[in-house]
Asks: 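To start, I am sharing the structure in question, which I have written as structure tokens.
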Amino acid sequence: MSNLPIFEMLALAFAREGVDTLFSLMGDGNMHWATAMSKIGGMRVFHARHEHCACGMAMGYHSATGKVGVATVTCGPGVTQIVTALTTASRAGIPMVVFAGESPINARWYNQALDQAPLVTATGAHYIRAHSTARMYDSVREAFYVARYERRPAVLGVPYDLQKLPLPGSPEYVSSSSLVPEIGRTPPSPKMLGRLVERLAAAQRPIIIAGRGVVRSGAQAAIEELAQASGALLATTLPARGMFDHNPFSIGVAGGFSSEIARELFAESDLVIAVGASLTHYTVDGGALFPRAFVAQIDERPRGLKDGLPAADLFVRADARAGVEAAARELTRYGTKIGFRSPKLAQRIALAPPDTALFSIEPGTFDPRHVVAELDRVIPKDWEMVSGSGHSAYFQTHMRGRRPEQFHVMREFGAIGNSISIAIGVAAAKNNGKVVLIEGDGSLIMHIQELETLKRHGVRLLICVLNDGAYGAEVHKLRQDGLDDSEAIFGRTDFGSIARGFGLRGTTIDDPSQFDSLMRDFDVQGTAEIWNVPISDQVTSPTMRRLKAKGHGVM
Ligand SMILES: Cc1ncc(C[n+]2csc(CCOP(=O)(O)OP(=O)(O)O)c2C)c(N)n1
Ligand SMILES: [Mg+2]
């Protein structure tokens, strides 16, 4: 029998899983284990001020490193606080393990007792009741296995009193990574590939949309070659944004956030091939983006039905790179063609602004499109960028020249209030002061307490607030419906003062031309900083304007 209590042995097991960074908020259920974690050599522990944010940080850490994100919360109220974070992580396919305590199993009464499992499983996360002292190591391994293999969060519930017992026997911990099957690249079926290539050879206006599967499989170069040979244009899903920014035939993001010219070209398209992209409601803009196109999908897990719509007309089950390389080989039998690609179109794509609508801007505020263009110019291309999810998120989508791996966005559950913690997780991972969060005022203030975490841990993060003094998404939707917008307007919070109150730096922007000198200052000083940018609430994104045209409020 080991002399060490279970909480210490479990900390060692987490270390054997390769955990080097933990995001924590302590209570009865986890404080022994979290303390043991902090004693492990090389372990970094970040203490958040809200459990939701501890999980958000772990999610950001995963996004920046590809490793399983690890957070810890206490039992009962610690677990009820993370329901939104778990749902977001489940929907976004984030591998995350949360060590939550559970109320003491031998107690007659415990005020924080809660049946945690149904709450957690309702979010799409996996729950493990670790009630057997003999099988404690199996429970940790299962949590990491599910997170890694199924790409979703797993919550480990270990009763508080059991944690202090000795671990029976002296088992060796075997990491879950040795159990994840290595399956190699899935090759395409020759029959389905033949059908796809026949379509591609015949298409006059093909467009290839690349998703996150392309990033994971390393298929980018193969896609660019296939597009060149078939005369296709290139686009990406929102999370894969930036992948083809260097390519003159890239039209940016596909979906509700597409630029004007991308929408025009998609409307003409006769063939869309989605690679490693699940064709969500957003990517196809509810079916409105490419109404004339025949749609083919190359994916490890092709979907017949996605988000209530038939996903595609032809499916090729394959790893993205294996599928695209095979298609390129097969296409050589047909020869290359011009398709969409003309020097004139490349020039139009290069010069077209994402949105040309005119608005009158109130004095003392700025057009968010201009602000974002200025930020794009000033923020170095090698920085990581974290994006919020309110109305203003549309504008940031059109920043260019940063790789998808540098772009961190989790919009799958549509919750605001996540981005500051995701950004802290990214900044903790990078640890180089080259991370910017571009965020709405309403979302930022929802978890503003994490400025204290930034200060205490000395994390360097630049936060640019696109401050319309409102819940802009609601303002614009209410206006579209001809209703009073005043209940969604709060006035422009002075985030510069708030930042200074937390011991950070903060400035309200009088003119976007200040960004150059502010950037130079940020580079040489050592703390996090907020640039509070008053933007106009008159500039309505094209996504929002189309809602009115569609005549309903369902996005
Ligand atoms: C947790 C949560 N609460 C409420 C909402 C509804 N909601 C969607 S966008 C939004 C406004 C966000 O405001 P802000 O961050 O300032 O962004 P803006 O839309 O003004 O650009 C709200 C309240 C939500 N999506 N998630
Ligand atoms: Mg706002």
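Reckoned from all heavy atoms, side chains included, excluding hydrogens, waters and symmetry mates. First listed ligand is number 1; within each ligand, the first listed atom is number 1.
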Asks: Using a distance-only test with no angle check, is there a side-chain donor-acceptor pair under 3.5 angstrom linking H391 and S541?
Replies: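 Yes, a side-chain donor-acceptor pair sits under 3.5 Å.
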Asks: How about H476 and D537: does a side-chain donor come under 3.5 Å of a side-chain acceptor?
Replies: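 Not at all, the side chains of H476 and D537 share no donor-acceptor pair under 3.5 Å.
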Asks: Cut-off 3.5 Å, side chains only: do N247 and S250 have a donor facing an acceptor?
Replies: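 No, no side-chain donor-acceptor pair sits under 3.5 Å.
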Asks: Check the angle between the aromatic planes of W33 and F99 and answer parallel, tilted or perpendicular using the 30° and 60° thresholds.
Replies: parallel
Asks: Mind telling me whether W531 and F515 have parallel, tilted or perpendicular rings, with 30° and 60° as the class edges?
Replies: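 F515 and W531: parallel rings.
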Asks: Check whether NZ of the Lys or CZ of the Arg R369 lies under 6.0 Å from the centre of the six-membered ring of Y394 and within 45 degrees of that ring's axis.
Replies: no
Asks: Near the Mg ion (ligand 2), which protein N/O/S atoms fall under 2.8 Å?
Replies: D441 OD1, D468 OD1, A470 O
Asks: Just by distance, with hydrogens left out, do Q396 and H398 show a side-chain donor and acceptor under 3.5 Å apart?
Replies: no
Asks: Distance under 4.0 Å, heavy atoms only, partner ligand 1: which residues pass?
Replies: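 Within the 4.0 Å shell of ligand 1, which is judged on heavy atoms, sit G390, H391, S392, G414, A415, I416, G440, D441, G442, S443, D468, A470, Y471, G472, A473, E474.
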Asks: Taking D285 for the side chain and G287 for the main chain, is one N or O donor matched with an acceptor at less than 3.5 Å?
Replies: no
Asks: Mind running side chain to side chain contact (heavy atoms under 4.5 Å, CB included) on D355 and F395 for me, showing each step along the way?
Replies: CA-CA 9 Å; D355 177 35; F395 305 110; 5.5 Å; no
